[in-house]
There are 2 protein chains.
Amino acid sequence: MLDERKAEILRAVVEEYIDTAQPVGSSRLVQTGGLQVSPATVRNELSVLEREGYLIQPHTSAGRVPTEKGYRFFVDQLTPKGTLQPVQRQAVLDFFSRTHGELEQMLHATSRLLSGLTDYAAVVISPPHEAATVRAIQLVGLAPRFVLVVAVLSNGVVEKRSLELTGDAEEHSLNAASNHLAAHLVGRPLGAAGKLPSCGDPDLDAIVETALTALHHGHDDEPDHVFVGGASRMVAAFDAVDTVRQVLSILEQQYVVVTLLKDVLDRGLSVAIGSEVGHESLAECSVVVAPYEVEGEAAGTIGVVGPTRMKYPQALAAVALVSQRLGRRLSES
Amino acid sequence: MLDERKAEILRAVVEEYIDTAQPVGSSRLVQTGGLQVSPATVRNELSVLEREGYLIQPHTSAGRVPTEKGYRFFVDQLTPKGTLQPVQRQAVLDFFSRTHGELEQMLHATSRLLSGLTDYAAVVISPPHEAATVRAIQLVGLAPRFVLVVAVLSNGVVEKRSLELTGDAEEHSLNAASNHLAAHLVGRPLGAAGKLPSCGDPDLDAIVETALTALHHGHDDEPDHVFVGGASRMVAAFDAVDTVRQVLSILEQQYVVVTLLKDVLDRGLSVAIGSEVGHESLAECSVVVAPYEVEGEAAGTIGVVGPTRMKYPQALAAVALVSQRLGRRLSES
DNA sequence: GTTGGCAGTCGGTAGGATTGAGTGCCAGAC
DNA sequence: GTCTGGCACTCAATCCTACCGACTGCCAAC
């Protein structure tokens with residue numbers, strides 16, 4: 001463990017580096033960091049911190065840069081809580097009191113909000129389907145043989161899949177099938193229903209079967225809806241064009257993003273730094289995540305993706321506040 | 001108008017510049033462009049082309065770069081038709097024969113396809129709502145006072161809005177209101193219904209009224225659904241980081257993108273070059289657009305956004321093929 | 001344990017010469 | 001008239017070199 005002064009110096013280095021993106025040296029630390037010792041003393045401490053793996057020198061005659069271990073210590077031990085500008089805090093409150101409309105739209109707007117607060121890319125994952133129960137389900141014919149099955153879930157998500165039937169279906173068969181589905185699914189989670197009891201008519205059973213398969217099938221392809229906002233803000237965070245391309249490319253792959261955030265959360269982390277993120281292309285990125293709860297139950301996940309030299313205190317505070325308010329807002333409706 | 005040799009030289013300059021992003025000079029043109037004259041002759045022609053505004057010199061001792069006028073001439077007069085690699089052509093055909101599932105999902109996948117074909121960002125705009133008629137409409141209660149109105153349109157789009165009622169609504173009131181809405185809206189376009197005749201019960205009328213307002217309201221906020229794919233590919237196209245940021249930022253603003261493409265199409269263009277795009281941040285971009293038709297009717301729009309030094313022949317061919325096949329595929333279902 | 005001093009390292013920058021890709025123009029050939 | 005080779009000229013890019021300055025590590029003194 002680090003003694004108090006070393007910790008203080010480490011904090012100063014991390015904060016300065018996050019601010020300036022320049023390796024920071026001993027004299028600069030004494031000037032701006034408010035330390036009561038001489039640069040020489042700081043140098044000795046820096047050299048110890050480097051030996052212990054918290055800092056690294058890009059080259060001999062340069063200042064120090066935090067390692068992942070350094071950031072980790074900073075985040076775990078040195079990050080002051082609750083550092084969100086009052087203005088920003090108010091912006092969040094305003095947003096959630098003002099916002100209205102459909103769930104997906106709200107989540108999308110939330111991702112933009114979070115991105116705006118932090119200046120990094122923000123990710124909002126919708127509540128998973130498993131937990132939600134079916135509120136309504138209906139088959140709608142679009143063209144001969146083509147049918148859309150629409151299910152409204154209790155969390156406000158609307159699931160839809162299009163089906164191609166083997167034969168034409170008349171209006172009343174669709175209605176009958178809808179009713180059959182509704183009778184057995186409403187009030188239950190979508191995933192629960194394996195196979196429904198026959199309703200007597202083999203044609204109807206076929207339609208019902210097809211619809212169920214389609215609804216389940218979607219679960220694998222695109223497990224949860226995800227909204228990524230402010231990806232363009234990542235551009236400013238890196239100077240290597242190639243890094244930017246890789247990061248943006250990852251953010252476009254919704255499935256990867258979802259897996260990523262959930263993995264981090266599963267490991268019990270709220271911050272993943274650099275290689276902890278577990279994705280080569282995001283080696284220079286950190287991720288801040290938080291679950292949000294609807295009516296006391298873990299619902300979805302929100303997060304922020306930024307450079308490893310992220311403004312952790314602000315990002316943590318923003319993510320915490322938004323997740324809390326989003327959960328509260330969703331619990332109301 | 002340009003004589004044949006000037007046109008040939010202009011074509012060679014544009015093609016070379018698109019390929020290399022370097023100003024191209026007379027000797028290089030003679031070497032790679034297959035011209036049967038000496039560099040000196042080419043120089044004379046180049047100087048005329050510059051005087052007429054088709055080319056420009058970045059500085060005195062540099063080669064020439066096409067101006068917007070130069071690109072325009074190239075696109076209008078010099079672009080060979082139908083230059084899509086057989087492999088790519090096959091990829092498109094495969095995609096549309098293989099793809100299935102729900103409309104939005106398909107459009108999203110289409111944007112990724114088009115982006116993959118061209119290596120630029122691709123935009124797919126869903127068919128507008130105005131033309132589509134309502135196939136089904138239903139109110140679903142989510143929580144006391146909170147109701148979701150779901151409308152399925154004939155083009156496969158599912159519209160949904162959440163409502164907050166002034167008082168609690170019981171299951172059977174919602175059903176009654178749903179039936180009332182369905183009775184008057186099914187078979188008609190969503191926009192058509194101004195006000196429905198009263199159904200006698202003022203409470204029901206209030207619910208119906210709220211639902212209609214919500215459905216119409218959405219029209220302004222988010223006129224059409226739009227899917228942007230492959231925005232990360234734009235990163236490679238520019239070297240100025242700031243340009244990249246601006247372009248990506250535009251692409252994130254769905255409303256702006258939709259307006260942009262529609263504007264271009266309204267002006268009767270299929271290609272907008274640089275300032276023709278009509279957006280300052282996209283001054284270094286070109287846009288290739290095409291409408292797609294479902295059952296003979298103009299439905300939506302697809303497009304590609306890339307740098308002004310875009311591979312126009314390929315982009316045009318890709319957009320044309322994809323729009324045609326997308327329209328055909330949607331006409332089937 | 002702390003400090004000031006000092007030698008040493010090395011990236012970044014500024015100045016200056018050089019290179020080379022390119023042009024314009026002109027005089028002569030076809 | 002049109003094309004061409006030749007020549008003088010321009011100017012960004014490149015490469016050197018020297019220098020500067022921001023660092024460090026180490027040591028001796030406090």
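Since the model is a prediction, treat every value here as computed from it, not as a measurement. Order of the sequence lines fixes the chain letters, A, B, ..., with proteins taken first and strands second; residue numbering starts at 1 for each chain.
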Problem - Protein-nucleotide distance (B:L55, atom CG; C:dG24, atom P), rounded to Å - result: 11 Å
Practice task
Using whole Å, report how far CD of B:Q22 lies from C1' of C:dG20.
Solution key: 14 Å
Practice task
Rounded off to whole Å, could you give me the CG-to-P distance for the B:L46 and D:dC3 pair?
Solution key: 14 Å
Practice task
Could you tell me whether the side chain of A:V241 reaches within less than 4.5 Å of the side chain of B:V244, counting heavy atoms only?
Solution key: no
Practice task
Would you check if there is a donor-acceptor pair between the side chains of A:R51 and A:S47 at a distance under 3.5 Å?
Solution key: yes
Completion exercise
Among the nucleotides C:dG22, D:dC23, D:dT24, whichever has the atom closest to the side chain of A:R28 is D:dC23
Problem - N or O in side chain of B:S26 less than 4.0 angstrom from C:dT23 OP1/OP2 - result: yes
Problem - Qualifying residue, where the test is ring-ring contact (aromatic ring centres under 6.0 Å, His included) with B:Y54 and the options are B:Y17, B:Y71, B:F73 - result: B:F73
Handout entry: Integer-rounded Å distance: D:dC23 C1' and A:I56 CD1
Key = 16 Å
Exercise for the section: Can you check each nucleotide of nucleotides 2-14 of chain C against protein heavy atoms at under 4.0 Å and return B for base, S for sugar-phosphate only, - for none, in 5' to 3' order? Expected result: SBBB---BBS---
Practice task
To the nearest Å, give me how far apart CG (B:L29) and C1' (C:dT23) are.
Solution key: 13 Å
Handout entry: Beyond-backbone contact of B:L260 with B:L282, side-chain heavy atoms, under 4.5 angstrom
Key = yes
Exercise for the section: Decide yes or no for B:I18 and B:Y312: does some side-chain heavy atom of the first lie under 4.5 Å from some side-chain heavy atom of the second? Expected result: yes
Exercise for the section: Answer yes or no: does atom CG of A:D239 have more than 12 heavy-atom neighbours from other residues, nucleotides or ligands under 6.0 Å? Expected result: no
Exercise for the section: Examine D:dC23: is either OP1 or OP2 under 4.0 Å from a nitrogen or oxygen in the side chain of A:R64? Give yes or no. Expected result: no
Handout entry: For atom CG of A:L35 and atom C1' of C:dG1, their distance in whole Å
Key = 16 Å
Completion exercise
Whole-Å distance, B:D239 CG to D:dA13 P, equals 12 Å
